[in-house]
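Everything below concerns the one structure shown next.
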Amino acid sequence: ILKYNDFTTVDASFNFYPELELVDLSNNGIVSIPAKAFKSQRSNLRTLKLNENRINQLARDTFHGLRKLKVLELRSNQLVSLPDLGDLDGLESLDLGHNQISEVDAKALSGAGRLRVLKLNDNQLKSVPDGIQGLKALKELYLN
């Protein structure tokens with residue numbers, strides 16, 4: 001847990017900690033996350049918290065290979081769109097609330113077949129994003 005620091009990016013130092021199951025980088029000044037920043041944790045990482053930073057965009061391969069990731073939190077950032085997040089087949093909970101998202105790629109969550117909880121509340125969405133109906137395991141959807 002590395003909360004309340006002054007990090008502005010996620011760097012290669014995470015490559016030295018492949019056994020991490022929980023990474024909490026909330027409440028920092030993170031603006032960007034390099035592609036495959038968490039590639040060394042692909043075997044073990046289950047929870048990734050990046051809440052209350054200044055992240056304004058995500059690349060398709062930002063979370064590449066994190067097949068065991070169950071919880072991804074990006075609440076209270078500055079995201080304006082949600083790209084295709086790739087293959088996150090183990091993901092069960094995704095929190096994108098309190099951002100500025102106005103656009104969601106139709107394939108953004110196509111690789112998250114086990115997603116049960118999706119929080120998109122307090123964003124700039126004008127309608128229910130395409131692709132939501134394809135989430136067969138979804139039990140909770142927050143759009144208020």
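Any value given below was found using the heavy atoms of this structure, including those in side chains, with hydrogens, waters and symmetry copies removed.
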Given the rule in the side-chain contact (heavy atoms from CB on, under 4.5 Å) test, do Lys49 and Val23 qualify, once you have shown the distances and angles that lead to the verdict? CA-CA 6 Å; Lys49 297 181 179 184; Val23 172; over 6 Å; no

Which distance, rounded to the nearest 0.5 Å, do you find between the OH of Tyr142 and the CG of Leu118? 10.5 Å

Can you find a pair of side-chain heavy atoms, one from Phe38 and one from Ile33, that are under 4.5 Å apart? yes

Per side chain to side chain donor-acceptor pair (under 3.5 Å), Arg75 is matched among Asn53, Asn51, Asp122, Asp95 by Asp95

Nearest 0.5 Å please: distance from the CZ atom of Arg54 over to the OG atom of Ser76. 14.0 Å

Should Val117 and Lys119 count as side-chain neighbours, where that means a heavy-atom distance under 4.5 Å? yes

Report yes or no: does Asn44 contribute a side-chain atom to a donor-acceptor pair with the main-chain N or O of Gln41 at less than 3.5 Å? no

Applying side-chain contact (heavy atoms from CB on, under 4.5 Å), run through His98 and Asn121 and close with a yes or a no. CA-CA 6 Å; His98 296 274; Asn121 53 303; 3.9 Å; yes

Side-chain H-bond candidate by donor/acceptor type, Glu52 with Asn27, under 3.5 Å: yes

So which residues get pulled into Val71's cluster when ILVMFWY side chains under 4.5 Å apart are joined, directly or through others? none

Check whether any side-chain heavy atom of Thr47 sits under 4.5 Å from a side-chain heavy atom of Leu45, and report yes or no. no

To the closest 0.5 Å, what do you measure between OG (Ser43) and CZ (Arg67)? 11.0 Å

Which atom pair, heavy atoms only, marks the closest approach of Ser32 to Ile30? O-CG2, 3.4 Å

Student check: side-chain heavy atoms of Pro129 and Leu120 closer than 4.5 Å: yes

Close side-chain approach of Ile132 to Asp130, heavy-atom, < 4.5 Å: no

dist Leu79:CG -> Ser102:OG (nearest 0.5 Å) comes out at 11.0 Å

Ion pair check, Arg114 and Asp89, cut-off under 4.0 Å: no

Residue pair Asn56, Val80: steps toward the side-chain contact (heavy atoms from CB on, under 4.5 Å) verdict: CA-CA 7 Å; Asn56 57 24; Val80 295; over 6 Å; no

Counting only heavy atoms from other residues, nucleotides and ligands, does the tally under 6.0 Å from CZ of Arg46 exceed 12? yes

Checking Leu94 against Leu109 for the side-chain contact (heavy atoms from CB on, under 4.5 Å) test, could you report, in this order, the C-alpha distance in whole Å, the side-chain angles of both residues, the deciding distance, and whether it holds? CA-CA 10 Å; Leu94 176 59; Leu109 302 170; 3.5 Å; yes

Can you find a pair of side-chain heavy atoms, one from Leu50 and one from Ile55, that are under 4.5 Å apart? yes

Do Leu96 and Val128 share a hydrophobic cluster (ILVMFWY, side-chain heavy atoms under 4.5 Å, transitive)? yes

Could you state the interatomic distance from CG (Leu85) to CG (Leu72), rounded to the nearest 0.5 Å? 7.5 Å

Kindly compute the distance separating CD (Glu92) from CZ (Arg116), expressed to the nearest 0.5 Å. 6.0 Å

Can a donor-acceptor pair be found, under 3.5 Å and without considering hydrogens, that links the side chain of Asn123 to the backbone of Leu125? no

Ser81 and Pro83 have their tightest heavy-atom pair at O-CD, 3.8 Å

